[in-house]
Number of protein chains: 2
Amino acid sequence: MDSDDQSPFGYDAFRRTCPSHTVLEMLASKWVYLVVCALRRGRLRNGELARKLEGITPKMLTQTLRVLERDGLVRREVFPVIPPRVEYELTELGQNLAGLLNQIRSWSEQHAPDIKDARARAEHGRDLVA
Amino acid sequence: MDSDDQSPFGYDAFRRTCPSHTVLEMLASKWVYLVVCALRRGRLRNGELARKLEGITPKMLTQTLRVLERDGLVRREVFPVIPPRVEYELTELGQNLAGLLNQIRSWSEQHAPDIKDARARAEHGRDLVA
DNA sequence: ATATATAGTTACCTCATGGATAGTGATGAC
DNA sequence: GTCATCACTATCCATGAGGTAACTATATAT
């Protein structure tokens, strides 16, 4: 893909026309990555998710799941019983996204050390730079 | 890569130990994607970047470039002349990141339509769902 | 003397994200 | 009657990312 030239520059154009923006915006959300990872192995109930995602509040869990559902990445199934039972699972699209997350993780595992090194060099600053 | 089980759950653990967090955090920044794309074709001066990235303010341009420089993705070269001349270019690591951005764009181009469809379905809501 | 060009700073303000906390509804167990 | 369970929902509030606008320094050109 070398068609970078047609890419919109300027943030407004980027947001309106570049598909990457949609995805990046999702991934920027604090819990999306974790929720998708948690669901990779199969369907889970709300409570199971809440326990698995240590530190998440019910509000953020629901909010995240609603966004994911709206975007077609997660399927929500409600069992009309009492007490309530609700299960969540990745759709095909969601599993596909998990694949992208693997690519990102793979890149990160390869290169995060370089970034950390650069940060360390920048932090200790010029006392080391002759 | 199937080693999802060792992945930290809970946001704090994620942040401290998962390399993906470092990268995702970067990509969440509003201008990083655009700046890296702008520099893909070669080095540019500050003013050239400012003109290319329609809508960016000098503050955000500098801020973004400083972060990228600190993380070893961008090299900054200062020419001691007046008026000042400063050029920026991607490091090898930065070009590598551009590769990841291409993967993300590729995925996005393939699947963003599905996401948009899902959103449209969610918006018009249940009046269409029998 | 004044204007211009370049590459930034600096101070201030706004608004969205997300955290904290408490409340809701329905039913079966005790 | 009331307590527990489960899956939320509602409300308020703090933090920080990012926007706005004005200011800086220096040498050359006029």
Side-chain angles (χ1 to χ4, degrees), chain A residues 9-15 21-36 38-39 43-71 74-89, chain B residues 9-15 21-36 38-39 43-71 74-89:
Chain A
F9 279 91
Y11 186 80
D12 287 345
F14 173 55
R15 169 162 42 137
H21 180 263
T22 309
V23 174
L24 254 13
E25 200 184 25
M26 272 199 355
L27 299 184
S29 165
K30 186 169 174 182
W31 292 98
V32 162
Y33 181 98
L34 268 344
V35 168
V36 172
L39 287 173
R43 51 167 49 203
L44 289 174
R45 299 184 58 175
N46 183 316
E48 293 172 323
L49 276 168
R51 260 166 267 123
K52 197 157 186 166
L53 302 169
E54 210 181 331
I56 199 172
T57 60
K59 176 194 160 190
M60 285 315 296
L61 180 53
T62 300
Q63 197 175 107
T64 306
L65 287 167
R66 289 289 133 82
V67 170
L68 257 20
E69 191 195 0
R70 182 203 58 177
D71 289 359
V74 159
R75 188 175 302 113
R76 177 169 179 265
E77 189 171 1
V78 183
F79 300 83
V81 296
I82 286 186
R85 174 184 190 88
V86 179
E87 290 185 0
Y88 294 94
E89 66 178 340
Chain B
F9 280 91
Y11 187 79
D12 286 346
F14 174 54
R15 168 161 41 138
H21 181 263
T22 309
V23 175
L24 255 13
E25 201 184 24
M26 271 199 356
L27 299 185
S29 166
K30 185 168 174 182
W31 293 99
V32 163
Y33 181 97
L34 267 345
V35 168
V36 172
L39 287 173
R43 51 166 49 201
L44 289 174
R45 300 183 58 174
N46 183 316
E48 294 171 322
L49 275 169
R51 261 167 267 124
K52 196 157 186 168
L53 301 169
E54 210 181 331
I56 200 172
T57 59
K59 176 194 160 191
M60 285 314 296
L61 180 54
T62 301
Q63 198 175 106
T64 306
L65 287 167
R66 289 289 134 81
V67 170
L68 258 19
E69 191 195 3
R70 182 203 59 176
D71 289 358
V74 159
R75 188 175 302 113
R76 176 169 181 266
E77 188 172 0
V78 183
F79 299 82
V81 295
I82 285 184
R85 175 185 190 89
V86 179
E87 290 184 359
Y88 294 94
E89 65 178 341

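A note on names: the letters A, B, ... follow the listed sequences, proteins ahead of strands, and every chain is numbered from 1.
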inquiry  = Whole angstroms only, please: what is the CZ-C1' distance between B/F79 and C/dA5?
reply    = 17 Å
ask   = At under 4.0 Å between heavy atoms, what does B/Y11 touch on the DNA or RNA strands: base, sugar-phosphate, or nothing?
value = nothing
query = For B/I56 and B/M60, which heavy atoms make the closest approach, and how far apart are they?
reply = CG1-CB, 3.9 Å
task = Determine whether B/T57 and B/L61 make a side-chain contact, defined as any pair of heavy atoms from C-beta on separated by less than 4.5 Å.
result = no
query = Between C/dA16 atom P and B/K30 atom NZ, what is the distance in whole Å?
reply = 12 Å
note = With sugar-phosphate taken as primed atoms, P, OP1 and OP2 and all else as base, the protein-contact string of nucleotides 22-30 of chain C at under 4.0 Å (heavy atoms; B, S, -) is ---BBS---
key: Test: B/E89 and B/R75 ion pair at under 4.0 Å   = yes
task = Tell me whether the OP1 or OP2 atom of C/dA7 has a side-chain N or O from B/R76 closer than 4.0 Å.
result = no
task = Using heavy atoms and a sub-4.0 Å distance, could you list which residues of residues 46-57 of chain B are near DNA chain C? By number, please.
result = B/N46, B/G47
task = Round to a whole Å and report the spacing from CG of B/L65 to C1' of C/dA7.
result = 11 Å
message = How close do A/R76 and A/Y88 get, counting heavy atoms only, and between which atoms?
response = NE-OH, 3.2 Å
ask   = So, does the side chain of A/K59 form a donor-acceptor pair with the base of C/dG19 at under 3.5 Å?
value = yes
request  = Report yes if some heavy atom in the side chain of B/K52 is under 4.5 Å from a heavy atom in the side chain of B/L44; otherwise report no.
outcome  = yes
ask   = With a 4.5 Å heavy-atom cut-off, do A/Q63 and A/K59 have their side chains touching?
value = yes
A/D71 to A/M26 - nearest heavy-atom pair and separation = OD2-SD, 3.6 Å
query = Which value, rounded to the nearest 0.5 Å, describes the distance between A/L49 atom CG and A/E87 atom CD?
reply = 10.5 Å
inquiry  = Taking the side chain as everything from C-beta on, heavy atoms only, tell me whether A/R85 gets closer than 4.5 Å to A/R45.
reply    = yes
ask   = Could you give the start and end, 5' to 3', of the contact zone on DNA chain D for chain A, using atoms under 4.0 Å from its heavy atoms?
value = D/dT5 to D/dT11
message = With a 4.5 Å cut-off on side-chain heavy atoms, are B/Y33 and B/L27 touching?
response = no
Validation row: A/F14, A/F9 side chains within 4.5 angstrom (heavy atoms) = no
